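Since the structure comes first, as structure tokens, the remarks are kept for the end.
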Amino acid sequence: MKKFSVFIVIIFSAIVYLFAQTGTVDIKASVQRGKKVYTQYCLACHQADGGGVPRMNPPLQKTEYVLGDKKRLINIVLKGSNDPIEINGEEYVNPMASHAHLSDQQIADVLTFVRNSFGNKASGITPAEVKQARAKK
Ligand code: HEC
């Protein structure tokens, strides 16, 4: 009986741990906070409607980067981007600066906002995911 209780405790802890790792995002609250971060740090270049500026700053509307691999998206904000990229058939060569000074929470919120605005619909991003990307460098 004692062994069984220990077993239950271990299983329960494992489940709690897994949930903490995955981190369920309250999308609505995160989007609201993220909008403020976007207005302050991204809007000047990517514009209020996420449409960007042709040949200068790429749009954030249903792009492969915004909707695709989360790690790549987080890394663009953390490290910026210097390589020419093609977005929706248009080439962009201007660099984007690193925004690593933003907190994990701010980056998670702004990307959750972007992934759920401008016609985008995608899962949220958690501070834990940002933290993980930051640690990898
Ligand atoms: C000074 C202007 C500027 C600011 C501020 C800026 N960006 Fe960018 N962003 C760019 C440029 C220019 C590129 C293209 C970089 C390249 O060609 O390598 C880019 C690329 C991107 C991309 C990948 C391409 C795409 O359109 O899908 C994403 C995503 C992105 N930015 C998100 C953000 C977010 C989120 C913020 C705010 C935290 C932000 N940017 C702030 C100019 C900016």
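In each ligand, atom 1 is the first atom listed, and ligand 1 is the first ligand listed. Model, not experiment: these values are computed from the prediction.
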Can you check side-chain contact (heavy atoms from CB on, under 4.5 Å) on His46 and Val53, steps first, answer last? CA-CA 7 Å; His46 293 287; Val53 179; over 6 Å; no
Looking only at non-hydrogen atoms, find the nearest pair between Pro59 and Tyr92 and report the distance. CD-OH, 3.5 Å
Tyr38 vs Phe118 aromatic rings, parallel, tilted or perpendicular, using cut-offs 30° and 60°? tilted
Of all heavy-atom pairs between Val31 and Thr112, which one has the smallest distance, and what is that distance? CG2-O, 3.9 Å
In terms of its nearest heavy atom to atom 29 (C) of ligand 1, the top option of Leu78, Asn57, Leu73, Ile87 is Leu73
The protein heavy atom nearest to atom 37 (C) of ligand 1 is Cys42 SG, 1.8 Å
Between ligand 1 and Met56, can you find any atom pair, the residue atom being a heavy atom, that is separated by under 4.0 Å? yes
Winner among Ala44, Ser98, Gly34, Pro58 once heavy atoms are compared against atom 14 (C) of ligand 1: Pro58
Between Asp109 and Ser30, what is the shortest heavy-atom contact and its length? OD1-OG, 2.7 Å
Hey, is Glu129 close enough to Arg134 for a salt bridge, meaning N to O under 4.0 Å? no
What are the two closest non-hydrogen atoms of Ser98 and Leu78, and how far apart are they? OG-O, 2.6 Å
Looking only at protein heavy atoms, which one is nearest to atom 7 (N) of ligand 1, and what is the separation? His46 NE2, 2.8 Å
Check if Pro95 has a non-hydrogen atom at a distance under 4.0 Å from any atom of ligand 1. yes
Can you check whether Asp83 has an N/O within less than 3.5 Å of an N/O in ligand 1? yes
Can an N or O of Tyr92 be found at a distance shorter than 3.5 Å from an N or O of ligand 1? yes
For atom 8 (Fe) of ligand 1, does an N/O/S atom of Met96 lie at less than 2.8 Å? yes
Counting only nitrogen or oxygen atoms and a 3.5 angstrom limit, does Thr63 reach ligand 1? yes
Starting from atom 22 (C) of ligand 1, locate the nearest protein heavy atom and write down its residue, its atom name and how far away it is, to 0.1 Å. Ile76 CG2, 3.8 Å
With heavy-atom distances below 4.0 Å as the criterion, list the atoms of ligand 1 near Asn94. 12 (C), 14 (C), 15 (C), 16 (C), 17 (O)
Tyr41 heavy atoms within 4.0 Å reach ligand 1 at atoms 5 (C), 37 (C), 41 (C)
Indicate the ring-plane relationship of His99 and Tyr41, choosing parallel, tilted or perpendicular according to the 30° and 60° boundaries. perpendicular
Asn120 and Val114 have their tightest heavy-atom pair at ND2-O, 2.8 Å
With a cut-off of 2.8 Å, does any N, O or S atom of Cys45 fall short of it relative to atom 8 (Fe) of ligand 1? no
Between Gly124 and Lys70, the two heavy atoms sitting closest are O-NZ, 3.1 Å
Measure the distance from atom 25 (C) of ligand 1 to every protein heavy atom, then report the residue, atom name and distance (to 0.1 Å) of the closest one. Pro59 O, 3.5 Å
Out of Val114, Val66, Leu60, who is nearest to atom 28 (C) of ligand 1 when you count heavy atoms only? Leu60
